[in-house]
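Structure, as C-alpha cells:
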Amino acid sequence: MATEYYDILGLEQCCTAEDIKKAYKKEALKWHPDKNLENAEEAQMRFRLVAEAYEVLSDDQKRAYYDRTGAQAKDIPENPSVPSAHPRGHPVDPFHVFEA
Amino acid sequence: MPTAMPAPTPTAERGDERGREPMTVSPEPSIRSRSPSLPPGSHYIGIDLGTTLLRLCAYHPDLQTVRFVPNERDKRKTPCFVAFPDDIELVESGRKACDPVVGEEAQRWLFKYPKATVFSWAQLVGLKFDDERVAFYQRYAPYRLVKDKYARVCVEIEHDGRQKHYRPEDLTAILLTYARQNAEQALRHPITGSVITVPAGYTLLQRDATKEAARQAGFQHARLISNAAAAAIAFGFDRPAHPTSVTEYVLSFNLGAAHIDCAVVGIDEEVFEVLASAGDVGFGAADVDVRLLMHFVQDLSKQSNRKLTSLDLLSLRFGAEKIKKALSTADSISHTIQLSSGAYAMTMTRELLETLCADFFDRCLVPIQQVLVEAKMDITKISKVVLSGGGSHFPKLRDRISSLFPGNHIYDFALIDKHKAVGYGAGIESALLSGMRSPNITNYLLIDSLSFSLGILDTTTNTIKTLLKRNTALPAQTTVTLRPIPPTTPPTSTPPAPIAVIKLYEGDTTDPKTCHLLATLSTPIPTQDKHITLSIDVDVDRTVLVTLVSDETEKNVRVTDYPMPVFDVSEDWERGVGVTVVGAGERKGQAGGEVEGMEIQD
C-alpha cells in the first residue's frame with residue numbers, strides 16, 4: 001500500500017479531500033522558497049515533493065490510481081480509468097453554462 | 001528639468017559580447033545552489049508595467065498597506081514613453097545629446113520628434129522581425145522598426161545623424177531605470193529587487209527579455225507575475241471578510257492595451273494559487289483604437305482634398321484612444337481632431353464602436369473558456385470575476401463576461417482603486433520578497449504556475465513529448481530516461497562515441513513547428529546501450545535548469561540564460577531535428593556512430 005504522498009503531507013490514507021487541501025496549504029506556506037529566503041534550496045526540494053503529492057492526492061481519480069498502484073505522479077495517466085475508491089462526484093463540463 | 005540618464009549601450013555593440021551559443025555554457029558548480037531571491041531585508045518594489053502606463057508601489061509595513069510611489073512630477077502613473085530628442089532646449093539644460101527622456105517629459109516631444117519618440121513597444125518584446133505583427137505595428141508607429149543580426153525586431157532612432165538600434169527590452173530598461181530612480185528618491189533607500197507584472201501569455205523568452213531589462217535598470221532580482229495574478233491578489237486583500245476555512249475561486253480577467261490575461265486563482269485565506277492561466281499577447285484594447293482609426297481614415301477618404309500625413313495618423317490614433325475611453329461611460333461623443341488639412345469633427349456613438357469591434361469581444365472571451373477547462377473548474381464554483389486593466393471597463397465586455405456566469409459575479413473593488421489593482425498585487429508580492437514581517441502578510445503566499453508546457457522532441461515520431469505540463473505549480477521538477485535507438489544498418493567501421501542531441505521546446509502542442517525551441521543540448525554517451533537521464537528543474541523565477549546524466553558524466557545547463565537561442569537563425573532553427581544521437585566530431589546525417597534516435601522510456 002503506497003503511503004509516501006500521504007506521509008509528505010502528514011496525512012493518513014483515510015483522510016478527506018478537505019484534509020488534503022488544508023495540509024497542502026500548511027506545507028506550502030512552510031516550504032515555498034519565497035517563505036524560506038535563507039534556505040531556498042532545501043525549501044525548493046521540499047516544496048516540489050509537497051506539490052507533487054498534492055497533484056496526485058487532490059484529484060480523486062489519480063488518488064484512487066495511486067492508492068491501488070503506488071505509481072509516481074509522472075507515471076499516472078491524465079484521466080486514469082480506475083474505478084474510483086472515493087466516489088466524490090464527477091467533474092462537470094464548464095461549458096454547460098456557455099451552451100445554455 | 002528633465003532627468004538625464006546615461007543611455008544604454010545600443011544593441012549592435014552588445015550582440016557580439018553575448019555568446020551566440022549560451023546553451024553550451026560549461027557546468028558551474030554554483031549553478032545548482034544559486035538562490036534566486038535577494039537576502040531578506042533587501043528592498044523590493046512592485047511595478048505595474050503596462051503597455052501605456054507604469055505604476056510603482058511599495059509596501060509600507062507600519063501602515064500595512066501598499067502605497068503608490070509618485071514620480072518626479074508627483075504623479076502616481078508614468079506614461080510609457082521614451083524619447084531621444086536632439087533639441088537645443090535640452091542641450092542647453094546640460095543634457096547630453098543621446099540621453100533619453102522618459103514619461104511625460106518624453107510624451108511632450110511626440111509631435112516634434114515623432115521618429116525619436118517611442119511608445120507601445122511592449123508588444124514588440126520577444127518578436128522576430130519577420131513576425132506578421134511587426135508589419136502591422138509599423139503601419140501605425142511613427143518610429144522605424146528594423147531587423148538586427150539575430151533577426152529580432154529593433155527600434156531605429158536617429159541621433160546626431162547616426163542611427164542607433166534599440167531592442168524593445170532596452171527601451172523597457174530605460175523606463176525601469178527611471179522608475180527605480182524615482183522610487184529611491186521618494187523612499188530614500190536603495191532598491192535592489194522588483195516584482196514586475198507581465199502578460200500571462202508571455203513565453204520564457206519574453207520573460208527573460210523583461211528580466212534582462214530589469215537587470216540593465218539596476219535590479220539584481222526581478223520576479224515576474226502575471227497581471228491577472230496580481231489583480232487576484234488585490235481582490236484577496238479587498239474582499240469582505242470570508243469564512244477562513246473555505247477556498248474561494250476567482251476568475252481574474254485583465255485587458256491591457258496589448259494583451260489579454262486570464263487566470264483561475266484559488267484563494268485560501270492569504271494563499272493564492274494560480275490554478276490555470278492563459279492569455280493573448282499582442283492583442284488588447286489598443287486594437288479598438290486601431291479599429292476606430294481605420295474607421296476615421298475611411299470616413300476622411302470620402303471627403304475631398306484630405307491628404308493624411310504620418311503626423312495626422314498619429315493625431316487620429318491618440319484621438320481614437322480618447323474617444324474609446326470616453327465611450328466607456330458616455331453613449332456618444334463629439335470630438336474634433338486637428339489635422340494638417342484642417343479640423344476633423346466627428347460624432348461617435350458607443351453603438352457604432354461596438355459594431356466596429358464585435359469580433360474583438362468574441363476574442364476576449366476565448367481565454368476565459370480556456371482557463372476554466374484547464375483548471376477543471378465547474379463554472380458555478382467561481383465565486384467572483386475580477387476585472388482589471390483599462391480595457392476591461394467597456395460596458396459591452398462587462399455584459400458579455402457577466403452573461404457567462406450565472407448571477408452577478410463581477411466584483412467591484414471596495415477599498416482599492418480598480419485601476420490600481422494590478423499595482424497593488426505587485427506591491428504585496430514585493431513585501432513578501434523583501435522578507436517583511438507584517439501581520440497581514442505573515443500567511444501571504446502566491447503559488448504561481450508554468451505558463452506553457454515544456455517538452456523534448458521525440459525523433460521517432462517527430463512530435464513533442466511533454467515533460468512538464470502547463471499550470472504545474474512552481475518550483476517544479478521532472479526526470480525522464482532516454483535510451484538510444486541503435487542504427488538499423490550496422491556501421492562499416494568502429495563508430496566513435498555517440499553524442500545525444502536533445503531539443504527542448506516550450507509550447508502546448510505536439511507539433512514542433514508551433515512550439516518555441518528553447519535549447520539544443522548535447523552530451524556524449526559512452527556506449528550506445530547506455531541510458532541517459534534528463535531532468536528539468538524550473539524554479540520560482542522560471543529559470544530552467546536541465547541536467548543530463550549519462551554514465552559518470554553530469555552536465556548542468558541553465559536554459560533561460562539571456563539571450564536565448566530562439567532568435568538564432570542557425571540552420572537547425574526551422575528544421576526541428578531533435579533527440580538524435582550522432583557520432584562525435586561528425587555532422588548529423590553522416591554515417592558512423594549515429595544511432596536512429598532516442599526513445600523516451602515511460
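Letters A, B, ... are given to chains in the order of the sequence lines, protein chains preceding strands, and every chain is numbered from 1. Fair warning: this is a prediction, and the values are worked out from it, not measured in the lab.
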Take A/Tyr24 and B/Ile447 through the side chain to side chain contact (heavy atoms under 4.5 Å, CB included) test and state the conclusion after the steps. CA-CA 12 Å; A/Tyr24 171 62; B/Ile447 305 173; 3.7 Å; yes
Give, as side chain, backbone, both or neither, the part of A/Glu55 having an atom under 4.5 angstrom from any heavy atom of chain B.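 When you check distances to chain B, only side chain atoms of A/Glu55 fall under 4.5 Å.
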Which answer fits A/Gln72, side chain, backbone, both or neither, if we ask what part of it has an atom under 4.5 Å from a heavy atom of chain B?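 Neither the backbone nor the side chain of A/Gln72 comes within 4.5 Å of chain B.
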Given B/Glu273 and A/Tyr54, is the side chain to side chain donor-acceptor pair (under 3.5 Å) satisfied, shown in steps? CA-CA 13 Å; B/Glu273 188 172 14; A/Tyr54 182 66; 5.0 Å; no
Atom [atom1] of [X] and atom [atom2] of [Y]: how far apart are they, to the nearest 0.5 Å?
| X | Y | atom1 | atom2 | value |
| --- | --- | --- | --- | --- |
| A/Lys22 | B/Thr247 | NZ | OG1 | 5.5 Å |
| B/Leu474 | A/Asp34 | CG | CG | 10.5 Å |
| A/Trp31 | B/Leu445 | CH2 | CG | 14.0 Å |

A/Lys35 (side chain) donor-acceptor with B/Leu432 (main chain) under 3.5 angstrom: no
Non-hydrogen atoms of chain A under 4.5 Å away: do they reach the side chain of [X], the backbone, both or neither?
| X | result |
| --- | --- |
| B/Lys381 | neither |
| B/Leu365 | neither |
| B/Thr472 | neither |
| B/Thr442 | backbone |

Scanning both residues in full, the closest heavy-atom pair of B/Ala476 with A/Arg48 reads C-CD, 3.4 Å
Nearest heavy-atom pair of B/Val540 and A/Pro33: which atoms, and what distance? CG1-CG, 4.1 Å
Using a cut-off of under 4.5 Å on heavy-atom pairs, state which of B/Thr478, B/Asn443, B/Ile382 scores highest against chain A.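 Answer, by heavy-atom pair count under 4.5 Å with chain A: B/Asn443.
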Before giving the answer on side chain to side chain contact (heavy atoms under 4.5 Å, CB included), spell out for A/His32 and B/Leu446 the whole-Å C-alpha distance, their side-chain angles and the decisive distance to 0.1 Å. CA-CA 9 Å; A/His32 193 280; B/Leu446 171 69; over 6 Å; no
Please evaluate residues B/Glu270 and A/Leu29 with respect to the criterion side chain to side chain contact (heavy atoms under 4.5 Å, CB included), reporting the C-alpha separation (whole Å), side-chain torsions for both, the decisive distance (0.1 Å), and the verdict. CA-CA 10 Å; B/Glu270 282 99 48; A/Leu29 265 174; over 6 Å; no
Does a salt bridge link B/Glu269 with A/Lys25, judged by any charged N lying under 4.0 Å from a carboxylate O?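 Salt bridge between B/Glu269 and A/Lys25, a charged N being under 4.0 Å from a carboxylate O: yes.
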